Amino acid sequence: MEVIRSIAELRAWRRQAGKVAFVPTMGNLHEGHLALVQEARRRADKVVVSIFVNRLQFGQGEDFDAYPRTFDADCAKLRDAGVDVLFFPLEQELYPRIRQDFNVEPPHIQNELCGAFRPGHFRGVATVVTKLFNIVQPDLACFGKKDYQQLHVIKAMVDDLNQPIEIVPVDTGRAEDGLALSSRNGYLSADERAEAPRLYGHLAVISERLMAGEQDYASLEAAARQDLEAHGWRVDYVEVRQADTLEIAHAGEKRLVVLAAARLGKTRLIDNVEVLR
Ligand code: PAF
């Protein structure tokens with residue numbers, strides 16, 4: 001595996017590579033990321049993974065400084081997974097003027113769900129992903145469904161801006177007790193880790209009820225919220241939305257997704273389950 005730190009070198013490599021699949025990450029890699037790499041390998045001649053902790057997508061008081069930087073362990077995992085190139089730029093390589101004058105502005109959905117609690121987050125994601133797409137120029141890129149709203153924003157961006165890249169969604173990896181794999185799980189204490197699967201438990205129950213024909217989304221959402229709060233969670237949202245647009249779901253909708261974000265101690269966890277009837 002080649003580790004490339006400069007944009008110029010990455011571009012030179014890309015010119016002689018064939019079909020390229022790309023997996024953008026912020027490092028601190030787990031099995032969920034490796035599933036993205038596996039999918040990427042299945043679909044292309046060469047796989048590029050990037051590790052870049054993108055300041056633009058972190059709000060004030062969020063964990064940018066504390067975000068785990070685990071380069072050596074990440075490198076070993078990517079080498080074992082058969083990655084061809086790791087793009088690992090310094091911050092000044094991607095943001096030489098610190099500020100980014102031009103940004104990619106997602107539509108109103110960026111201010112809903114997670115966006116309502118993380119102002120500017122999806123602008124930061126869309127901007128860095130566009131920059132990375134422009135640098136790597138992949139044929140396709142893999143994104144996890146765990147970050148469902150992010151996946152939605154990226155798909156819409158690629159469509160609207162005619163970015164010639166196929167976006168490949170990959171199912172959420174889960175621990176045996178259901179907890180979605182996430183870099184932030186490492187922040188949980190032992191007690192919090194034992195409690196954490198409750199979030200997915202509620203999504204699974206809501207999904208079963210929806211499959212059984214329940215149409216009263218608000219009471220499903222409220223019951224989950226109440227139980228989580230009774231167990232010490234601070235809930236940002238539990239919502240049933242339209243799977244394809246993430247707009248508010250109305251009774252009778254066939255393609256739904258249940259999304260939730262909640263804090264356990266200092267750790268904010270997100271998860272979702274699609275309900276496609
Ligand atoms: O999902 C992530 O890890 C990040 O949001 C991404 C897509 C690498 C952009 O920084």
Side-chain angles (χ1 to χ4, degrees), residues 4 7 10 20-37 39-40 47-59 62-71 73-74 77-78 81 83 85-91 93-95 100 103-106 109-110 113-115 117-136 138 140-158 161 163 165-173 180-187 246 259 261 267-272:
I4 296 184
I7 294 171
L10 201 273
V20 169
F22 177 43
V23 180
T25 81
M26 298 203 300
N28 195 22
L29 304 177
H30 50 68
E31 286 300 318
H33 294 109
L34 299 179
L36 299 178
V37 169
E39 188 61 37
V47 173
V48 179
V49 173
S50 63
I51 295 181
F52 182 69
V53 184
N54 172 39
R55 188 187 295 273
L56 280 193
Q57 71 190 72
F58 289 79
E62 289 190 351
D63 55 347
F64 175 75
D65 289 322
Y67 201 83
R69 273 88 169 164
T70 53
F71 181 74
D74 291 347
K77 287 177 190 166
L78 295 176
V83 167
V85 167
L86 167 57
F87 181 49
F88 180 53
L90 284 172
E91 190 170 36
E93 183 75 1
L94 246 57
Y95 297 130
Q100 180 73 21
N103 288 279
V104 178
E105 195 67 41
I109 205 76
Q110 72 162 321
L113 301 167
C114 280
F117 298 88
R118 306 187 68 188
H121 171 70
F122 289 109
R123 179 194 306 120
V125 169
T127 300
V128 81
V129 169
T130 294
K131 285 164 74 75
L132 290 167
F133 282 178
N134 288 341
I135 294 164
V136 178
L140 61 105
C142 299
F143 287 84
K145 284 192 188 180
K146 202 212 82 190
D147 298 307
Y148 204 86
Q149 190 175 7
Q150 167 172 285
L151 172 64
H152 173 80
V153 166
I154 300 295
K155 281 201 290 202
M157 174 182 85
V158 163
L161 300 183
Q163 296 175 334
I165 296 161
E166 182 193 354
I167 302 302
V168 178
V170 177
D171 285 341
T172 302
L181 300 181
S182 163
S183 300
R184 291 192 169 94
N185 293 350
Y187 296 156
L246 285 189
L259 308 108
T267 310
R268 185 174 185 274
L269 299 177
I270 64 172
D271 202 352
N272 65 82

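Both ligands and their constituent atoms are indexed starting at 1 by order of listing. FYI, side chains are in, hydrogens and waters are out, and symmetry mates aren't considered; it's all heavy atoms of this structure. Because the structure is predicted, anything quoted here is derived from the model rather than measured.
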> If we only count N/O pairs under 3.5 Å, is Q150 in contact with ligand 1?
Replying inline: yes

> Mind checking what makes ring-ring contact (aromatic ring centres under 6.0 Å, His included) contact with H152, not counting sequence neighbours?
Replying inline: none

>> So, using side chain to side chain contact (heavy atoms under 4.5 Å, CB included) as the criterion, who are the partners of I7 when residues are at least two apart?
In response: R11, F87, E93, L94, I135

>> Testing H121, Q149, Q150 one by one against C114 for a side chain to side chain contact (heavy atoms under 4.5 Å, CB included), which residue passes?
In response: Q149

> Taking all atoms of both residues into account, what is the closest heavy-atom pair of V47 and V83, and its distance?
Replying inline: O-CG1, 3.7 Å

> Who's the nearest protein heavy-atom neighbour of atom 3 (O) of ligand 1, and how far?
Replying inline: M26 CG, 3.7 Å

> Hey, which atoms in ligand 1 end up nearer than 4.0 Å to a heavy atom of V128?
Replying inline: 9 (C), 10 (O)

>> Which of the numbered atoms in ligand 1 are under 4.0 angstrom from any heavy atom belonging to Q57?
In response: 4 (C), 5 (O), 9 (C), 10 (O)

>> I want to check something: taking the side chain as every heavy atom from C-beta on, are I154 and V129 in contact at a cut-off of under 4.5 Å?
In response: yes

>> At less than 4.0 angstrom from any non-hydrogen atom of T25, what atoms of ligand 1 do you find?
In response: 8 (C)

>> If I compare all heavy atoms of A141 with all of F133, which pair ends up nearest, and what's the gap?
In response: CB-CE2, 3.7 Å

>> Using a 4.0 Å cutoff against the non-hydrogen atoms of P24, which atoms of ligand 1 qualify?
In response: 8 (C)

>> Residue-level breakdown please: for L132 versus ligand 1, do any non-hydrogen atoms fall below 4.0 Å on the side chain, on the backbone, on both, or on neither?
In response: neither

